[in-house]
J.: 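Structure in structure tokens, see below.
Every chain is numbered from 1, with letters handed out A, B, ... down the list of sequences.
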Amino acid sequence: MNRKERIILHIDVNSAFLSFEAVHRLQHGATVDVRKIPSAVAGSQATRHGIILAKSLPAKAYGVKTGEASWEAKQKCPGIVLIPPDYPLYMCCHRALVRLLKDYSDKVQVFSIDECFMEAPGMLMKEESIRFAHRIREHVRQELGFTVSVGVSTNKLLAKMGSELKKPDAVSTLFPPEVGKKMWPLPVEDLYGVGRAAAAKLHRYEIHTIGDLAETDVKLLSYLFKSYSRDHGQMLWEYAHGVERSDIMTSGPPTKSIGNSCTVHFDVEDRETAHAVLLSLAETVGMRLRLANLCGRVIGVSIRKSGDLVTYSHQVKIQSSIDCTDAIYEYCRRLFDAAWKGEPIRGLGVWVNDLSSSGYIQLSALEKDWDEKKKVDRTVDAIRAKYGPFSIVRGNFVQSGLAPLAGGAGGDAGFPVMTSIL
DNA sequence: TCTGGGGTCCTAGGACCC
DNA sequence: TCTGGGGTCCTAGGACCC
């Protein structure tokens with residue numbers, strides 16, 4: 001590559017949640033940098049949220065993996081320091097990173113809480129693009145205190161694969177001519193778009209590396225993955241060759257769905273308790289809908305069984321779009337009653353789909369008029385906005401042992417994640 | 001004192017209509 | 001009375017991502 005090209009960078013925060021914690025703690029007088037000891041950000045085991053969300057490099061050396069149960073991590077690494085997650089702090093760090101990147105380019109695409117794509121302004125030579133990436137890497141470390149890995153290439157897929165090549169605090173190129181040398185030796189499951197199911201299938205056909213995948217007849221791949229989507233096999237083959245054509249999207253696609261789910265601290269075995277959990281979930285889902293000025297026509301609940309952790313769901317499409325907490329709750333209660341088979345429940349979820357802007361609500365004559373309830377919603381939203389989310393809660397939850405507002409990361413959560421097109 | 005929570009996209013298969 | 005085909009809408013669930 002010896003001419004000017006359009007350059008795409010992928011910026012990936014190293015051990016994001018753990019790094020954010022480390023920086024925050026150091027800023028507040030901590031003497032230990034948790035990045036330098038075996039540590040991890042993990043939910044509480046007591047409330048059955050005990051999985052590893054991010055780990056330090058020393059913890060990784062003990063074999064601790066993201067997504068595994070905390071007790072497993074403790075077995076592998078008895079001295080591990082576990083830190084409870086603080087999502088508002090992580091959102092703060094995320095916003096600071098995005099602000100910094102936007103000083104370098106108008107074309108920044110937020111991909112998740114710890115990943116961004118960006119297009120370098122103008123066309124650059126290879127050496128210039130590497131210098132550009134280092135400038136950003138250095139600036140982030142100096143100003144924000146955490147490190148990033150930067151992948152440099154000419155499309156988003158290769159930039160993303162590139163940022164994986166070296167961590168932490170590193171810049172790696174993965175230009176198309178380097179694909180054979182740097183990407184093909186990697187295990188096929190490292191390729192973006194190859195998950196557990198696809199990897200198992202590929203291994204059965206003796207396709208073990210990305211290079212193997214690249215050499216496979218695209219017709220065979222189309223056949224193997226036809227149940228995923230019409231073009232999934234073709235897409236994987238193109239990815240294996242480093243081909244990907246999507247643009248940097250500076251504004252996310254419109255929201256398609258808003259939902260919240262939660263693992264309950266104990267097994268739910270009766271309808272009344274399940275209803276209470278659904279109400280607390282409907283509260284957060286309703287608030288998020290109203291905040292986004294959205295209404296939805298498809299209401300759904302999901303039920304996660306305690307024994308095998310398998311989830312099943314039930315949904316309904318209604319005549320008019322709603323955003324009212326009580327309306328959502330009422331549909332969810334009916335859905336739950338119709339779907340629940342009576343087994344112990346580990347967790348419940350509520351979601352609303354088929355969204356439209358709340359300006360266009362058409363109230364069907366067949367359905368309830370929720371006007372009065374909507375006024376209550378607005379009042380409650382306003383009080384919570386001013387005095388905090390728990391300033392006003394429903395009487396049902398007092399002393400119930402249940403959270404009045406359920407759901408994970410809260411109002412700021414929800415990053416669009418693209419599957420077929422980066 | 002046993003594994004979270006937020007999304008997107010896609011297909012299969014049934015119901016229903018012409 | 002039996003049979004075919006095309007199309008749309010809807011729900012359940014799988015696969016993927018971070």
J.: Expressed in angstrom and rounded to an integer, what is the separation of Lys341(A) atom NZ from dA12(C) atom C1'?
T.: 11 Å

J.: Under 4.0 angstrom, heavy atoms only, what part of the nucleic acid is Gly43(A) near: base, sugar-phosphate, or nothing?
T.: nothing

J.: In which stems does DNA chain B show up, taking only runs of three or more Watson-Crick or G-U wobble pairs whose two distances fall under 3.5 Å?
T.: B:5-18 with C:5-18

J.: On DNA chain C, check which nucleotide each of Leu191(A) and Arg297(A) is closest to and give me the residue with the more 5' one.
T.: Arg297(A)

J.: To the nearest angstrom, how far is Ile258(A) atom CD1 from dG5(B) atom P?
T.: 18 Å

J.: DNA chain B: Leu53(A) or Pro254(A), which has the more 5' nearest nucleotide?
T.: Leu53(A)

J.: Closer than 4.0 Å, any side-chain N/O of Lys160(A) to the OP1 or OP2 of dC17(C)?
T.: no

J.: For Glu283(A), what residues pass the salt bridge (Lys or Arg N to Asp or Glu O under 4.0 Å) criterion, not counting sequence neighbours?
T.: Arg384(A), Arg394(A)

J.: Output the single nucleotide from dT11(C), dG5(B), dT8(B) whose closest atom is nearest the side chain of Cys262(A).
T.: dG5(B)

J.: Report the residues that fulfil ring-ring contact (aromatic ring centres under 6.0 Å, His included) with His241(A), sequence neighbours left out, ordered by chain and then residue number.
T.: Trp184(A), Trp237(A)

J.: Listed by chain and number, what are the side-chain hydrogen bond (donor to acceptor under 3.5 Å, both in side chains) partners of Thr273(A), not counting sequence neighbours?
T.: Asp270(A)

J.: Write down the distance between CD (Gln315(A)) and P (dC9(C)), rounded to a whole number of angstrom.
T.: 15 Å

J.: With His139(A), which of Phe132(A), Tyr104(A), Phe146(A) fulfils ring-ring contact (aromatic ring centres under 6.0 Å, His included)?
T.: Tyr104(A)

J.: Produce the list of close N/O pairs, under 3.5 Å, pairing protein atoms with atoms of nucleotides 1-3 of chain B; give distances to one decimal.
T.:
residue: dT3(B); atom: OP2; partner: Arg346(A); partner atom: NH2; Å: 3.4

J.: With sugar-phosphate meaning primed atoms plus P, OP1 and OP2, does Val298(A) contact a base, only sugar-phosphate, or nothing at under 4.0 Å between heavy atoms?
T.: nothing

J.: For Ile113(A) and dG4(B), what is the distance between atoms CD1 and C1' respectively, to the nearest whole Å?
T.: 14 Å

J.: Quick one: which residue pairs count as a salt bridge (Lys or Arg N to Asp or Glu O under 4.0 Å) with a foot in residues 344-358 of chain A, not counting sequence neighbours?
T.: Lys317(A)-Asp354(A)

J.: Using the side-chain heavy atoms of His314(A), tell me which of these nucleotides is nearest: dC17(C), dT8(B), dA12(C).
T.: dA12(C)

J.: Rounded to whole Å, please give me the gap between NE2 in His232(A) and P in dC10(B).
T.: 11 Å

J.: Within less than 4.0 Å of OP1 or OP2 of dG5(B), is there a side-chain N or O belonging to Asn260(A)?
T.: no

J.: Using the test ring-ring contact (aromatic ring centres under 6.0 Å, His included), find all partners of Phe225(A) that sit at least two apart in sequence or belong to another chain.
T.: Tyr228(A), His232(A)

J.: May I ask you to say what Gly349(A) touches in the nucleic acid, namely base, sugar-phosphate or nothing, with a heavy-atom cut-off under 4.0 Å?
T.: nothing

J.: Which of parallel (below 30°), tilted (30 to 60°) and perpendicular (above 60°) describes Phe117(A) and Phe111(A)?
T.: perpendicular

J.: Please state how far atom NZ in Lys226(A) lies from atom P in dC10(B), giving the value in whole angstrom units.
T.: 18 Å

J.: For Leu355(A) and Lys256(A), what are the C-alpha separation, side-chain angles and deciding distance, and is it a side-chain contact (heavy atoms from CB on, under 4.5 Å)?
T.: CA-CA 6 Å; Leu355(A) 303 179; Lys256(A) 302 264 171 78; 5.8 Å; no

J.: Would you mind telling me which of dT8(B), dC16(C), dG4(B) lies closest to the side-chain atoms of Thr255(A)?
T.: dT8(B)

J.: What integer distance in Å separates Phe225(A):CZ from dT11(B):P?
T.: 15 Å

J.: If the cut-off is 4.0 Å, is Lys256(A) near the phosphate of dT8(B), judged by side-chain N/O to OP1 or OP2?
T.: no

J.: Take the protein atom CG of Leu355(A) and the nucleotide atom P of dG6(B), then report the distance between them rounded to whole Å.
T.: 15 Å

J.: Give the nucleotide from the list dC17(C), dT8(B), dG6(B) with an atom nearest to the side chain of Ser261(A).
T.: dG6(B)

J.: Test: salt bridge (Lys or Arg N to Asp or Glu O under 4.0 Å). Region: residues 205-218 of chain A. Which pairs qualify, not counting sequence neighbours?
T.: none

J.: Name all residues meeting the side chain to side chain contact (heavy atoms under 4.5 Å, CB included) criterion together with Lys341(A); count only those two or more places apart in sequence or in a different chain, and write none if there are none.
T.: Tyr312(A), Glu343(A)

J.: Which pairs count as salt bridge (Lys or Arg N to Asp or Glu O under 4.0 Å) when at least one residue sits in residues 298-315 of chain A, sequence neighbours excluded?
T.: Lys305(A)-Asp308(A)

J.: Are Ile299(A) and Ile322(A) close enough that some pair of their side-chain heavy atoms sits under 4.5 Å apart?
T.: yes

J.: Under 3.5 Å, which N/O atoms of the protein pair with N/O atoms of nucleotides 13-15 of chain B?
T.:
none

J.: Filter on salt bridge (Lys or Arg N to Asp or Glu O under 4.0 Å), then keep only pairs touching residues 54-64 of chain A, sequence neighbours left out; what's left?
T.: none

